[in-house]
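Some notes on the structure that comes next.
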Amino acid sequence: MPPKAKYTREEIAEAAFQMAREKGIEAVVARELGKRLGTSSSPIFTAFKNMEELQEEVRKMAMKEFETYVSDAINYAPIFKHVGMRIVQFASNEPKLLQLLYMKEHKETQSYEDLIFELGDTVEVCLESLEQEHELTREEATLVFKQVWMFTFGICTMVAGKICHFSTEEVSKMLSREFQGTLMLIKSGTFIDKQVNSVLQK
């Protein structure tokens, strides 16, 4: 019979998550995690096949934390603006988790659409609100989303990397200007992109 684990899978994952939150995912190594738990590394490998499996579990937990920041967007207006503000707030409050989710080097380069897809249901909520609030087609709403999200992500990387500090008012004004400028271009017919990825289509 395999040895009985001193800690549950959930307890080990939670300890690893807190380490990643404080010091980054690179700090989540077996020896240091064992020290945090007050034991050797043995219980870790009883609950998880390897450290890669544990780190993937930590990433899922980080995504759930991220989702708590944007899940209430439907209760605010404008929804799209609120989502952007909350994402930047996440970058400010949880820089190591933002780095884990969106700034960690991948084995293979992702497409921009794949990156956006990781936002989950938030994308659809934003697209529907843009269509309804600004009388946009799905293609136009997708263009707005992609453009403003890229701008928002740039702010997030600067905040999470402690490159720049922005006040809430500054972030609000920057997001509003980017959104209004993009919307004006689309309404004028000068911002045309026929290659809208199908993953963002109905």
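Quick note: numbers below take in every heavy atom, side chains included, and nothing from hydrogens, waters or symmetry partners.
- Residues R177 and M174 are in side-chain contact: their nearest non-hydrogen atoms beyond the backbone lie under 4.5 Å apart.
- No donor-acceptor pair closer than 3.5 Å links the side chain of S172 to the backbone N or O of T168.
- When hydrophobic clusters are built by joining Ile, Leu, Val, Met, Phe, Trp and Tyr residues whose side-chain heavy atoms come closer than 4.5 Å, directly or via intermediates, F151 is not grouped with I186.
- L97 approaches E65 most closely through the heavy-atom pair CD1-CG, 4.1 Å.
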Test salt bridge (charged side-chain N to carboxylate O under 4.0 Å, His left out) on R21 and E94; report intermediate values, then the result.
CA-CA 7 Å; R21 191 179 215 170; E94 303 286 357; 2.8 Å; yes
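- With a 4.5 Å cut-off on side-chain heavy atoms, Q89 and M85 do not count as touching.
- Side chains of K60 and M63 form no contact here, defined as non-hydrogen atoms less than 4.5 Å apart.
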Kindly indicate, with the supporting measurements, whether the criterion salt bridge (charged side-chain N to carboxylate O under 4.0 Å, His left out) is fulfilled by E67 and K64.
CA-CA 5 Å; E67 289 171 350; K64 287 183 180 178; over 6 Å; no
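- For the pair E140 and K187, the minimum side-chain heavy-atom distance is 4.5 Å or more.
- Between W149 and F145, the ring-plane angle classifies as parallel under the 30° and 60° cut-offs.
- Using a 4.5 Å cut-off between side-chain heavy atoms of Ile, Leu, Val, Met, Phe, Trp and Tyr, with links allowed through other members, F66 and Y76 fall into different hydrophobic clusters.
- Around CD of E22, the count of heavy atoms belonging to other residues, nucleotides or ligands within 6.0 Å exceeds 12.
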Verdict with reasoning, V125 to F80, per side-chain contact (heavy atoms from CB on, under 4.5 Å)
CA-CA 8 Å; V125 171; F80 190 46; over 6 Å; no
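- One finds a salt bridge joining R138 and E124 here, because a Lys/Arg side-chain nitrogen approaches an Asp/Glu carboxylate oxygen to under 4.0 Å.
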Before giving the answer on side chain to side chain donor-acceptor pair (under 3.5 Å), spell out for E128 and Q132 the whole-Å C-alpha distance, their side-chain angles and the decisive distance to 0.1 Å.
CA-CA 6 Å; E128 289 182 356; Q132 295 169 8; 4.9 Å; no
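- Residues L136 and L183 have side chains in contact (heavy-atom distance under 4.5 Å, counting atoms from C-beta outward).
- A continuous path of Ile, Leu, Val, Met, Phe, Trp and Tyr side chains, each step under 4.5 Å between heavy atoms, connects M61 with Y69, placing both in one hydrophobic cluster.
- Minimum interatomic distance between L98 and A160 (heavy atoms only, all atoms of both residues): CD1-CB, 3.8 Å.
- Salt bridge annotation for E170-K173: absent, with no cationic side-chain nitrogen under 4.0 angstrom from a carboxylate oxygen.
- No side-chain heavy atom of K96 sits less than 4.5 Å from a side-chain heavy atom of K23.
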Could you check F90 against Y102 for ring pair (Phe, Tyr, Trp, His ring centres under 6.0 Å), going step by step and ending with a plain yes or no?
CA-CA 12 Å; F90 177 80; Y102 295 114; 8.1 Å; no
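- Ionic pairing of E53 and R9 is present here: one or more N-O contacts between side-chain nitrogen and carboxylate oxygen are shorter than 4.0 angstrom.
- Shortest non-hydrogen contact noted between L175 and G84 is CD1-C, 3.7 Å.
- Judged purely by atom type and a 3.5 angstrom limit, T39 has no side-chain atom pairing as donor or acceptor with the backbone of K35.
- Hydrophobic clustering (side-chain heavy atoms under 4.5 Å, transitive across Ile, Leu, Val, Met, Phe, Trp, Tyr) groups F17 together with M51.
- Taking both residues in full, the closest heavy atoms of A16 and L33 are given as N-CD1, 3.7 Å, listed atom of the first, atom of the second, then distance.
- In the hydrophobic cluster analysis, where Ile, Leu, Val, Met, Phe, Trp and Tyr join through side-chain heavy atoms closer than 4.5 angstrom, L37 is grouped apart from V29.
- Other residues, nucleotides and ligands contribute more than 12 heavy atoms inside 6.0 Å of the CG atom of N50.
- Side-chain contact between M158 and F166: present, with at least one pair of heavy atoms (C-beta onward) separated by less than 4.5 Å.
- Ring centers of F179 and H134: under 6.0 Å apart, within the cut-off.
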